[in-house]
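This report refers to the structure that appears directly beneath it.
Predicted model, so just to flag it, every value in this text is computed and none were measured.
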Amino acid sequence: MKYLPILGELFSSDSIIFMIIGLIASIIVGIKMKSTKKNIIGIGICFATYIVCEIVCQIGVNYLREFITLFVGTIAIGGIVGFLIGFFVSKVRK
């Protein structure tokens, strides 16, 4: 995972805990929204956040910034999965 350091770190260390935090939070928010459109917007925002974090993580200037982007990007991956679950739950409810 030379070009995707956040995904590489997710699969090689214990940072999956951060993804689980984002997953739980976004599942709760996604199910409470009860709207497929809002869940799709949530997926888009989380995906855009992840992409920005991957780009910023490639610019290696400061270790603190890389750590923060790793943390936020991992939570955004969990958010994508959580909003997808909320999307399917809202589709089933209709």
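- Tracing side-chain contacts under 4.5 Å through hydrophobic residues (I, L, V, M, F, W, Y), one reaches F83 starting from I80; they form part of the same cluster.
- The CD atom of E66 sits 9.5 Å away from atom CD of Q58, with the distance rounded to the nearest 0.5 Å.
- The closest donor-acceptor contact from the side chain of R65 to the backbone of I59 lies under 3.5 Å.
- Separating the CD1 atom in I43 from the CD1 atom in I85 is a distance of 10.0 Å, to the nearest 0.5 Å.
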Which atom pairs, one a donor and one an acceptor, fall under 3.5 Å between side chains of residues 44-56 and the rest of the protein, sequence neighbours left out?
{"unit_1": "T49", "atom_1": "OG1", "unit_2": "I45", "atom_2": "O", "d": "2.8"}
{"unit_1": "Y50", "atom_1": "OH", "unit_2": "E54", "atom_2": "OE2", "d": "2.7"}
{"unit_1": "E54", "atom_1": "OE2", "unit_2": "I6", "atom_2": "N", "d": "3.3"}

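- Minimum interatomic distance between L23 and G82 (heavy atoms only, all atoms of both residues): CD1-N, 3.5 Å.
- Here the CD1-SG distance, from I68 to C57, works out to 11.5 Å after rounding to the nearest 0.5 Å.
- Hydrophobic clustering (ILVMFWY, side-chain heavy atoms < 4.5 Å, transitive): I24 and L84 are in distinct clusters.
- Atoms CE and OG1, from M19 and T74 in turn, are 9.0 Å apart once rounded to the nearest 0.5 Å.
- Using a 4.5 Å heavy-atom cutoff, the side chains of M33 and I28 are not in contact.
- Scanning both residues, T36 and S90, for their nearest heavy atoms gives CG2-OG, 3.1 Å.
- The cluster map of Ile, Leu, Val, Met, Phe, Trp and Tyr, joined by side-chain heavy atoms under 4.5 Å apart, puts V81 and V92 in different clusters.
- Scanning for ring-ring contact (aromatic ring centres under 6.0 Å, His included) contacts around F18 gives F71, with sequence neighbours left out.
- By the criterion of side-chain heavy atoms lying less than 4.5 angstrom apart, applied directly or through intervening Ile, Leu, Val, Met, Phe, Trp or Tyr residues, V72 is grouped together with I21 in one hydrophobic cluster.
- No path of Ile, Leu, Val, Met, Phe, Trp and Tyr side chains, each step under 4.5 Å between heavy atoms, connects I75 with L70, placing them in separate hydrophobic clusters.
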